[in-house]
> 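Please read through the structure below; I'll follow up with questions.
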Amino acid sequence: MSERISSLRETMEKNEEIDTADEPEVNYRGVKAMPYIIGNETFEKLGAIGTLSNLLLYVTVVFNMKSITATTLINIFNGTTNFATLPGAFLSDTYFGRYKTLGFASISSFMGLLVIALTAAIPNLHPPECGKASRCIGATAWQMAFLLTGFGLLVIGAGGIRPCNLAFGADQFNPKTESGKRGIDSFFNWYFFTLTFAQMVSLTAIVYVQSKVSWGIGLGIPALLMLLSCVVFFMGTKIYVKVKPTGSPMTSVAQVIVVAVKKRRLKLPEQPWLSLFSYIPPNSINSKLPYTDQFRFLDKAAVLSPEDQLNPDGSAAYPWRLCSMQQVEEVKCIMRVIPIWSSAIIYHCAIVQQHTYAVFQALQSNRYVGNSKFQIPAASYTVFSMLSLTIWVPIYDRIVVPFLRRITGKEAGITILQRIGIGIFLSVLTSLVSALVEEWRRTRPIIGVYPRRGGISSMSGFWLIPQLTLAGLAEAFTAIGQVEFYYKQFPENMRSIAGSFFFCGMAASSYVSGLLVSIVHRTTAGAKTGNWLPEDLNKGRLDYFYYLVASLGVINLGYFLVCAKWYTYKGSYQQHP
């Protein structure tokens with residue numbers, strides 16, 4: 001038995017000496033490819049956000065939905081859209097590659113935006129205007145079906161674009177050079193800067209056209225911008241670095257779990273970093289990972305037994321019976337990320353409220369600018385969140401990071417987890433400030449009545465700026481940090497799936513937020529304090545709801561700090577006796 005295992009180990013050692021110098025050289029264009037990628041992203045976000053940012057008001061006003069129904073619908077749509085990134089990432093990494101996936105998804109998004117624009121432009125595709133009538137006519141079944149078809153096409157488009165865009169942009173830089181590494185780090189920051197700039201334009205100019213001029217024209221503009229996005233993307237085809245899919249990365253994950261279960265009764269060697277089966281395919285794009293002692297039950301998948309057989313090249317003859325230590329460590333990378341990922345769910349719940357209930361707060365606030373007759377659209381107030389992120393990102397990238405780098409000696413100034421933690425803390429402050437502002441808004445004199453909602457508070461809508469500014473800063477730390485974290489901590493052949501993890505966290509938070517709103521709405525309906533979340537916020541206690549979200553955020557922050565303390569970064573070497 002020992003002779004058999006010794007023979008297998010000799011084969012393993014020979015395999016480690018395989019020459020991989022014949023790999024084709026990749027021509028990285030880096031910054032030269034960025035105008036096409038960033039241009040595509042800008043037009044795509046101008047189009048998508050130009051529609052999605054005002055979608056809550058659109059279904060409320062044009063399709064005559066109640067606010068609680070509309071909020072639930074949008075939360076479900078956002079959740080489904082973000083969860084769609086997981087199958088989209090899987091198909092990209094396994095079969096089509098990021099370039100083809102992005103191309104197909106961009107066309108699908110254009111078709112979705114076009115369909116939604118048609119629901120506004122053609123009278124027969126939406127219910128009659130409610131006006132000042134006490135009883136409004138809802139949408140017919142086929143009108144809702146047409147609207148949901150547009151939603152479905154947007155889900156398909158986002159499922160391909162969101163997980164691939166960032167990874168595709170990062171693919172254009174050489175990760176093995178210092179300039180390439182810095183290029184990737186800066187790309188993440190500037191990607192979100194450009195994204196936020198697009199959001200700002202959408203939340204001001206496009207939303208204004210939708211709310212004050214025409215829903216048909218306002219929704220037609222995003223469709224046109226999405227068409228331009230497709231054109232710009234395909235213009236750069238010849239210079240893109242296109243990483244080919246290497247087969248299903250999830251198969252390797254499944255093999256490790258299955259084999260670890262099969263070999264659960266085997267005893268682990270005393271020095272697993274020396275004794276476990278070691279093999280890396282010659283053409284693997286994944287970096288070699290050192291042994292880590294977390295999740296040691298998975299190590300049994302790489303324990304050599306007398307029944308195991310190897311191919312002449314040193315690979316396992318039966319991958320469902322023997323896995324390599326490299327495969328095991330790749331699965332450990334994914335499992336280590338999951339606790340960090342889960343902490344993002346409650347974090348996003350706080351941010352989601354700034355895109356839903358903050359809009360309703362604005363509707364029942366004084367939105368006039370000074371003594372003028374110009375009134376800021378309610379959906380446009382979230383632009384202040386984008387503005388704070390836009391201002392902070394270049395300051396952080398060009399001033400704060402170099403300053404912190406000199407102090408800490410770290411390339412990024414602070415660790416990724418420290419950056420995420422700061423954002424989670426800021427999200428708690430966001431909810432607390434939101435509660436205080438809402439309490440102040442409810443106590444101000446009424447200066448008018450908003451149709452179908454209630455009295456308009458004399459409080460200026462500009463009092464919403466502090467909570468929205470904090471939300472933007474939280475996103476600048478946690479959202480950007482999360483995307484960078486998943487990209488760097490996942491195996492290289494799963495980077496599209498890594499990108500989908502960020503959106504899956506947002507999806508889960510949308511569902512949790514929708515569930516939380518539903519539970520609070522039903523639970524407090526018969527309470528002495530009254531319904532916290534009624535149609536008329538003046539009759540509710542939205543401030544209590546914000547305090548509830550803040551309390552959950554404090555618990556979540558403690559959970560994150562425990563997970564961050566335990567976390568081991570990918571590729572970190574551990575000392576062994």
Side-chain angles (χ1 to χ4, degrees), residues 29 31-55 77 81-82 84-85 87-89 91-93 95-121 146 149-172 187 190-202 205-206 209-210 216-243 245 496 499-500 503:
R29 300 298 182 93
V31 177
K32 292 183 179 179
M34 286 305 101
Y36 300 103
I37 295 174
I38 296 295
N40 160 256
E41 173 66 15
T42 302
F43 284 123
E44 188 267 325
K45 290 304 179 187
L46 279 169
I49 295 168
T51 297
L52 299 179
S53 61
N54 218 16
L55 205 54
F77 168 68
T81 298
N82 287 318
T85 60
L91 292 173
S92 172
D93 284 342
Y95 300 109
F96 305 116
R98 285 185 270 276
Y99 170 75
K100 291 181 180 178
T101 302
L102 280 169
F104 175 80
S106 296
I107 295 173
S108 179
S109 289
F110 165 67
M111 295 300 296
L113 293 175
L114 181 62
V115 168
I116 292 177
L118 290 176
T119 64
F146 197 80
T149 298
F151 282 11
L153 289 168
L154 286 178
V155 167
I156 294 172
I161 292 174
R162 293 183 180 183
C164 295
N165 245 356
L166 268 170
F168 185 69
D171 286 343
Q172 311 309 312
F187 171 69
W190 289 104
Y191 174 92
F192 273 89
F193 173 83
T194 308
L195 163 63
T196 308
F197 174 78
Q199 289 176 319
M200 289 173 58
V201 174
S202 297
I206 295 178
V209 173
Q210 291 170 351
I217 297 174
L219 292 171
I221 293 173
L224 178 61
L225 290 169
M226 192 65 229
L227 179 61
L228 289 175
S229 172
C230 295
V231 172
V232 171
F233 175 74
F234 288 114
M235 283 175 61
T237 297
K238 292 185 179 181
I239 69 171
Y240 294 145
V241 172
K242 302 166 190 167
V243 178
S496 294
S500 75
F503 296 104

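Along the sequence shown, the residues carry numbers beginning at 1.
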> Who pairs with Ala117 by side-chain contact (heavy atoms from CB on, under 4.5 Å), at least two apart in sequence or on another chain?
Leu219
> What is the distance from atom CG of Leu113 to atom CD1 of Ile221, rounded to the nearest 0.5 Å?
12.5 Å
> In Å and rounded to the nearest 0.5 Å, what is the CG to CZ distance from Leu227 to Phe110?
4.5 Å
> If I compare all heavy atoms of Ser92 with all of Cys164, which pair ends up nearest, and what's the gap?
OG-SG, 3.4 Å
> Can you list the residues that meet the side-chain contact (heavy atoms from CB on, under 4.5 Å) rule with Lys242, with sequence neighbours excluded?
Tyr99, Thr237, Tyr240
> Can you list every pair that meets salt bridge (Lys or Arg N to Asp or Glu O under 4.0 Å) and has a residue in residues 96-119, with sequence neighbours left out?
Asp93-Arg98, Arg98-Asp171
> Between Leu91 and Thr101, does the side chain to side chain contact (heavy atoms under 4.5 Å, CB included) criterion hold? Intermediate values first, please.
CA-CA 8 Å; Leu91 292 173; Thr101 302; 5.6 Å; no
> Who passes ring-ring contact (aromatic ring centres under 6.0 Å, His included) against Phe104, sequence neighbours left out?
none
> I need the Phe233 CZ to Leu102 CG distance, nearest 0.5 Å.
4.5 Å
> Can you sort out the partners of Val155 under side-chain contact (heavy atoms from CB on, under 4.5 Å), two or more places apart, ordered by chain and number?
Phe77, Thr80, Thr81, Ala84
> To the closest 0.5 Å, what do you measure between CD1 (Ile116) and CE (Met111)?
12.0 Å
> Find the distance between CD1 (Ile161) and OG (Ser108) and round it off to the nearest 0.5 Å.
8.0 Å
> Can you list the residues that meet the side-chain contact (heavy atoms from CB on, under 4.5 Å) rule with Thr85, with sequence neighbours excluded?
Arg162, Pro163, Ser500, Phe503, Cys504
> Considering all heavy atoms of both residues, which atom of Ser106 and which atom of Met226 are nearest to each other, and what is their separation?
O-CE, 3.6 Å
